[in-house]
Amino acid sequence: MPLRFYNTLTQEKEIFKPIQAGQVGIYLCGPTVYRESHIGHAVGPVVFDALKRYLSFKGFKVRWVVNITDVEDKLIEEAQQQNCRVSELAERVARSYRDALAQLGVHGIDHMPKASEHITEIIAMIERLITNGYAYTSGGDVYFEVSRDDDYGKLSNRRTEDQAGQRELSSADKRSPHDFALWKASKPEEPEEVCYASPWGCGRPGWHIECSAMSMKLLGETFDIHGGGMDLIFPHHENEIAQSESCTGKPFVKYWLHNGLTRFNTKKISKSDPTMQIMLSRMTLSHLLNQYSGELLRYFILSTHYRRPIEFSDEELASRQKGLDSFYRLFERINRSVNNSPYDDHPTLHRPKFEAINEQYHEFVREMLEMRNEYLDALDDDFNTAAAISVLFKEAAAINRLMDRCQVETSTDQEARQLVLGACRSLVEDGRIIGLFLKTPAQLVKLDESLTDRLVEMLIQLRSDAKKDKHFALADRIRDELAALGVVLEDSRDGTRWRKS
RNA sequence: GGCGACGUGCCCGAGUGGACUAAGGGAACGGUUUGCAAAACCGUGAUUCGUCGGUUCGAAUCCGACCGUCGCCUCCA
């Protein structure tokens with residue numbers, strides 16, 4: 001199946017064909033760094049990181065840019081409130097954002113350009129727009145003249161005539177209420193660090209122009225994929241198209257991909273809703289990453305199709321955690337019974353030599369290969385990670401099934417052991433295509449509990465002795481009391497294991 | 001007023017004209033295994049996809065109306 005994406009511009013699924021064979025340029029709109037990032041800011045990066053991994057897996061050379069907007073009204077306001085420099089606030093928020101992304105397994109960003117470091121490019125672009133007759137100056141401001149752009153509204157499917165609405169959009173300095181600022185003159189009360197010299201006097205860029213200027217610099221005048229949240233379709237992306245295409249006379253972007261917005265209690269996370277502010281503090285990335293692993297949050301985001309809204313709740317995260325745990329139980333089972341880590345570089349089952357495999361296992365191998373195709377097909381169909389992840393569960397079940405059937409824990413059948421190891425290795429590899437199972441379980445366990453470990457091991461030993469003496473009441477009591485403390489015991493033929501509930 | 005999204009079992013969530021007598025996960029229940037548990041595996045669970053009509057040989061999937069939820073048109077990933 002060829003790779004297809006739903007393109008917001010055409011409102012259809014289209015076969016993906018990059019502008020230059022074998023190469024893909026992606027631009028994702030990142031945050032304005034004036035306040036701590038919340039979970040909604042992580043959706044785009046996680047989805048596009050997974051997408052970059054997938055495109056790389058398919059052999060494309062991918063260049064991925066995520067911008068940081070660090071020159072903006074709210075940022076100036078917030079810095080004044082906190083009585084710090086704008087650059088200081090921006091750097092602090094941006095750093096914690098990057099830290100959070102790293103924990104979420106987002107490692108594929110090639111460039112994170114800042115608006116403040118591209119003022120020259122922005123000014124050059126505005127000058128070109130003025131020269132081309134698409135922009136005009138008014139006082140110290142520069143505006144884009146929407147009426148000069150014939151296909152304005154093509155992304156969001158809006159006509160400016162229909163946008164009268166109930167709101168008063170006009171501004172004294174604009175020729176039309178739909179025109180938007182490319183450059184804003186500095187106001188007297190604003191700090192000097194955000195006053196940039198320009199041909200129109202001191203000022204700073206408007207909101208949309210930085211993305212056009214930086215994407216053009218890093219990805220060229222026309223590039224393959226532009227992404228962002230659905231809420232950016234209008235006006236942000238619409239205006240990016242208008243500016244860029246009026247400036248270059250070339251198409252700006254081939255495929256527009258928009259992710260669904262995060263919701264809480266069925267409402268979008270909104271910065272202006274005061275009650276939402278309280279929820280928001282619990283939804284910040286740093287807060288969530290204290291409670292949940294980055295992988296769980298990543299898995300949660302990817303287990304819904306990217307265009308759908310995601311409803312966040314502690315209950316749902318707990319439910320997902322249990323699902324995710326079942327994979328790690330399988331990996332540990334393999335490690336324990338085959339005495340080999342599924343993370344190490346073993347041959348996988350992707351290209352099996354059937355003649356070398358005992359016939360009784362042929363069906364298993366075929367089943368695994370079919371599921372692998374099913375997995376890749378799901379990703380090809382508008383990057384349906386939700387459907388793909390469901391295949392991972394089926395793969396895990398098939399492996400467990402074979403292990404049960406062959407009693408791998410106690411069997412001496414080397415072939416079955418190797419087969420199961422290879423299959424599990426394939427499963428890990430499949431997950432890694434979208435950035436799951438990146439860390440080995442040992443790396444996931446925190447180092448803080450060596451004493452707890454020894455205490456629990458001791459109790460397990462005592463209980464084992466009690467069992468040998470048929471003191472089952474005592475053995476049960478140990479298990480129950482541990483359970484009450486949140487430690488679950490699991491007996492098996494080859495000993496007792498434990499885990500936190 | 002304009003543009004758009006969504007409504008699938010107890011919960012989450014795929015599927016968007018025929019392989020759907022609807023994937024997968026969580027919860028529940030029954031079974032295999034186990035001294036008992038846990039884990040793993042097997043099985044049960046929507047005759048039905050917001051409601052009502054229509055198109056079609058055939059619809060969760062297309063069209064229309066209605067009900068409900070939400071988003072954008074002001075800052076937002």
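We use all heavy atoms of the structure for the numbers below, so side chains are in, but hydrogens, waters and symmetry mates are not. Order of the sequence lines sets the chain letters (A, B, ...), proteins ahead of strands, with each chain counted from 1.
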Using a heavy-atom cut-off of under 4.0 Å over every strand shown, decide if [X] touches base, sugar-phosphate, or nothing.
X	result
A:Gly30	sugar-phosphate
A:His258	nothing
A:Gly228	sugar-phosphate
A:Val488	sugar-phosphate

>> Nearest to the A:Asn157 side chain among B:C75, B:A39, B:G4, which nucleotide is it?
In response: B:G4

Whole-Å [atom1] distance, [N] and [M]:
N	M	atom1	answer
B:U48	B:A39	P	34 Å
B:U32	B:A38	C1'	15 Å
B:C67	B:A22	C1'	25 Å
B:C62	B:A19	P	16 Å
B:A60	B:A14	C1'	12 Å
B:G71	B:A65	C1'	23 Å
B:G54	B:C20	P	27 Å
B:U74	B:U69	C1'	23 Å

>> Under the rule for side-chain hydrogen bond (donor to acceptor under 3.5 Å, both in side chains), what residues qualify as partners of A:Arg98, not counting sequence neighbours?
In response: A:Glu91

>> Judged by each residue's nearest nucleotide on RNA chain B, which is more toward the 5′ side, A:Arg329 or A:Tyr6?
In response: A:Tyr6

> Is a salt bridge present between A:Asp380 and A:Arg4, judged by a nitrogen-to-oxygen distance below 4.0 Å?
Replying inline: no

> Between A:Asp381 and A:Lys13, is there a salt bridge with N-O shorter than 4.0 Å?
Replying inline: yes

Considering only nitrogen or oxygen atoms on both sides, find all protein atoms under 3.5 Å from nucleotides 6-9 of chain B and state each distance.
unit_1 : atom_1 : unit_2   : atom_2 : d
B:C6   : O3'    : A:Arg308 : NH1    : 3.4
B:G7   : OP1    : A:Arg308 : NH1    : 3.4

Once you round it to whole Å, what is the distance between [atom2] of [N] and [atom1] of [X]?
X	N	atom1	atom2	value
A:Ile310	B:G71	CD1	P	16 Å
A:Glu238	B:C73	CD	P	13 Å
A:Phe180	B:C72	CZ	C1'	17 Å
A:Met403	B:A40	CE	P	12 Å
A:Ile334	B:A39	CD1	C1'	14 Å
A:Arg158	B:G1	CZ	P	16 Å
A:Glu240	B:A77	CD	C1'	13 Å
A:Met230	B:A5	CE	P	9 Å

Considering residues at least two apart in sequence or located in another chain, which fulfil the side chain to side chain contact (heavy atoms under 4.5 Å, CB included) criterion with [X]?
X	value
A:Gln82	A:Glu78, A:Cys84, A:Leu89, A:Arg92
A:Ala50	A:Arg298, A:Leu302, A:Phe383, A:Ile434
A:Asn259	A:Val43, A:Tyr306
A:Asn339	none

Please list, chain by chain and in numerical order, all residues satisfying ring-ring contact (aromatic ring centres under 6.0 Å, His included) with [X], sequence neighbours excluded.
X	value
A:Phe331	A:Tyr328, A:Tyr343, A:Phe437
A:His305	none
A:Tyr152	none

>> Quick check on the 6.0 Å ring-centre criterion: do A:Tyr6 and A:Tyr255 meet it?
In response: no

Is any side-chain N or O of [X] closer than 4.0 Å to OP1 or OP2 of [N]?
X	N	value
A:Asn400	B:A39	no
A:Arg401	B:C42	yes
A:Arg499	B:A38	no

>> Using a 3.5 Å limit on both distances, find every run of at least three consecutive Watson-Crick or G-U pairs that involves RNA chain B.
In response: B:1-7 with B:67-73, B:10-12 with B:24-26, B:28-32 with B:40-44, B:50-54 with B:62-66

> Does any donor atom in the side chain of A:Ser492 or A:Glu409 lie under 3.5 Å from an acceptor atom in the other side chain?
Replying inline: no

> Can a donor-acceptor pair be found between the side chains of A:Ser212 and A:Gln243 at a distance below 3.5 Å?
Replying inline: yes

>> Within the 4.0 Å limit for protein heavy atoms, which parts of nucleotides 21-36 of chain B are touched? Write it as a string from 5' to 3', B for base, S for sugar-phosphate only, - for none.
In response: --BSSSS-------BB

Less than 3.5 Å apart, which donor and acceptor atoms pair up between the side chains of residues 394-402 of chain A and the rest of the protein, not counting sequence neighbours?
unit_1   : atom_1 : unit_2   : atom_2 : d
A:Lys394 : NZ     : A:Glu374 : OE2    : 3.0
A:Asn400 : OD1    : A:Arg333 : NH1    : 2.7
A:Arg401 : NH1    : A:Glu367 : OE2    : 3.3

